[in-house]
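Below is one structure, written out as structure tokens; comments come after it.
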Amino acid sequence: MNTPVEGFSKRSKAEKIDWIAKQYTKDPEASKRILEKYWNTDPKVQKLHDEFIENTISNYYLPFAVAPNFLINDSLYAIPMAIEESSVVAAASKAAKFWLTRGGFKTEILGTEKVGQVHFIYKGEKKKLYSFFEELKPELRKSVSDITENMEKRGGGIKEIQLRDLSEQIEGYYQLHCTFETLDAMGANFINSCLEQFAKTLETKARSYDNFSDEEKNLEVVMSILSNYVPNCVVKAEVSCPVSQLNAGGMSGEEFANKFAQAITIAKLEPYRAVTHNKGIMNGIDAVILATGNDFRAVEAGVHAYAAKDGQYSSLTHAAIDGDTFTFWIEVPLALGTVGGLTTLHPLVKLALEILQNPSAKELMEIVAVAGLAQNFAAVRSLVTTGIQKGHMKMHLLNMLNQMGATEAEKQQLVEHFKYHIVTNASVKEALEKIQSQ
Ligand code: MEV
């Protein structure tokens, strides 16, 4: 029978491991050995990782890979990717190489605006609230001047503060809807600090606003928090080439372009397909976000909300055939940072950013969007030609063989064998057993 634990966070790492292993695992000694095996051999590096989060007992590895040959705005990049799914990096690399000889990827930043809101309840005359807000606005800015000073020196800061009336939806519900420019920082701490100060100033100033009745003076803040929905922090990435240069999978350029564009139209109109289509895009996006120490949950939430912004979940990518020109592009909201957070703390994140030539946040937005577009190109190309399983299962072969306990020699032999045979769980098992019995 498991029992609750008191003061777990205060225990030493060894005590935490001992407790968890004994309480929840069949073989506590073996569990401890696994956890310890994944510790970093350098105690300083381990301490760094321990302190990223709370109650750390080990490290959780993901493969860190690179996809080379990305020509983006005429510069050549190798893109670092952290992801567990086989064939994603291979697909990105293949798409990069395909577009390398067709002009590469072009990108454009469509906006970099971040959003945060103070949600509050005011039960009183609307007109009075609006007059109060006009007087309050300069006070709000003044109240955060020590927080915004440095950001403003670098050209960022608070863009706009609006009063929004949502009292039709919820009785008395209003917002301070604020927009920010956070430059190379993702800006979550900056925005939340500003918002929490806005909330205090809003309440304090309301209490002493002479034109308010006692009830109106009592306006009440519910919460203050940034929004991960950033429909004006958007980047566009595009590839384009003559249709005749698109021959793939035994199809003519024209045949391929039409089939590809059809697949995109389906993903635009059909939510079941759109979700999987966008999942493929996120294979590329998340892998770069993770490798560069950004917040993939924030990006995921914002991207999917954006994909549904017109009332129905839809494709993030678009394709057009105009005369002899095929164009394929993505528009995606990405609130990213290349300073602060893990970017200076995590040695691999620092290295990933160095590999990317220490990009600004805008440049990272461009690179990430390109990774998403490339991933989608590769997936849809496979889907409309050979099907996804042929390539995927080949890439998955090593995982299967590892699971089946194949030796290095057996793996080598079977990788060769399956260049010419269909990979399925059963066929791999059978081929391995055959070798082993010889
Ligand atoms: C698999 O991780 C991603 C795909 O399903 C994406 C797609 O269907 O476009 C292959």
Side-chain angles (χ1 to χ4, degrees), residues 62-67 70 79-99 105 237-239 246 248-249 251 255-291 296-297 299-301 303-304 306-308 312-321 326-332 334 368-400 402-403 422-425:
L62 277 183
F64 179 90
V66 282
F70 272 93
I79 301 188
M81 301 176 90
I83 187 163
E84 86 300 344
E85 185 176 335
S86 54
S87 82
V88 167
V89 177
S93 309
K94 220 168 145 188
K97 210 149 176 210
F98 183 90
W99 288 105
F105 296 82
E238 180 182 294
V239 284
L246 276 176
M251 288 182 190
E255 216 181 329
F256 175 79
N258 284 328
K259 218 166 167 194
F260 190 98
Q262 230 164 29
I264 304 298
T265 306
I266 291 170
K268 275 174 183 278
L269 296 176
E270 214 284 315
Y272 279 92
R273 173 56 201 148
V275 170
T276 317
H277 179 92
N278 289 347
K279 187 274 180 187
I281 294 171
M282 298 316 286
N283 278 345
I285 289 183
D286 281 341
V288 189
I289 299 281
L290 265 175
F296 66 92
R297 290 84 56 208
V299 168
E300 283 277 348
V303 164
H304 296 298
Y306 189 79
Q312 179 178 301
Y313 192 89
S314 182
S315 166
L316 293 161
T317 53
H318 316 269
I321 303 166
F326 169 83
T327 311
F328 177 49
W329 72 100
I330 185 169
E331 275 182 28
V332 69
L334 292 169
V368 170
V370 164
L373 185 69
Q375 208 65 50
N376 189 227
F377 180 78
V380 175
R381 181 168 71 165
S382 293
L383 289 170
V384 301
T385 55
T386 56
I388 208 77
Q389 281 310 83
K390 190 167 173 241
H392 186 76
M393 291 309 272
K394 282 248 153 83
M395 296 295 166
H396 192 53
L397 177 61
L398 281 180
N399 284 344
M400 292 172 152
N402 284 337
Q403 238 168 40
I422 291 172
V423 178
T424 65
N425 215 28

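Remember, it's 1-based here, ligands and their atoms both numbered in the order they're listed. These numbers come from the heavy atoms of this one structure, side chains and all, not from hydrogens, waters or symmetry mates.
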Using a 3.5 Å cut-off and no angle test, enumerate the donor-acceptor pairs between side-chain atoms of residues 256-264 and protein atoms at least two apart in sequence or in another chain.
from   : atom 1 : to     : atom 2 : distance (Å)
Asn258 : ND2    : Glu254 : O      : 3.2
Lys259 : NZ     : Val384 : O      : 3.3

Please set out all donor-acceptor pairs under 3.5 angstrom arising from side-chain atoms of residues 81-94, sequence neighbours excluded.
from  : atom 1 : to     : atom 2 : distance (Å)
Glu85 : OE1    : Lys279 : NZ     : 2.9
Ser87 : OG     : His392 : ND1    : 3.0
Ser93 : OG     : Val89  : O      : 2.8

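Annotation: Ile422, atom CD1; neighbour count of heavy atoms from other residues, nucleotides and ligands within 6.0 Å does not exceed 12. Counting heavy-atom neighbours within 6.0 Å of Lys268 NZ, excluding the residue itself, gives a total above 12.
Phe377 and Trp99 have their aromatic ring centers within a separation under 6.0 angstrom.
For Phe296, the side chain to side chain contact (heavy atoms under 4.5 Å, CB included) partners two or more places apart in sequence, or in a different chain, are Asp286, Ile289, Leu290.
Using a heavy-atom distance under 4.0 Å as the criterion, the protein contacts of ligand 1 are Glu85, Arg273, Thr276, His277, Lys279, Gly280, Asn283, Ala379, Leu383, Ile388.
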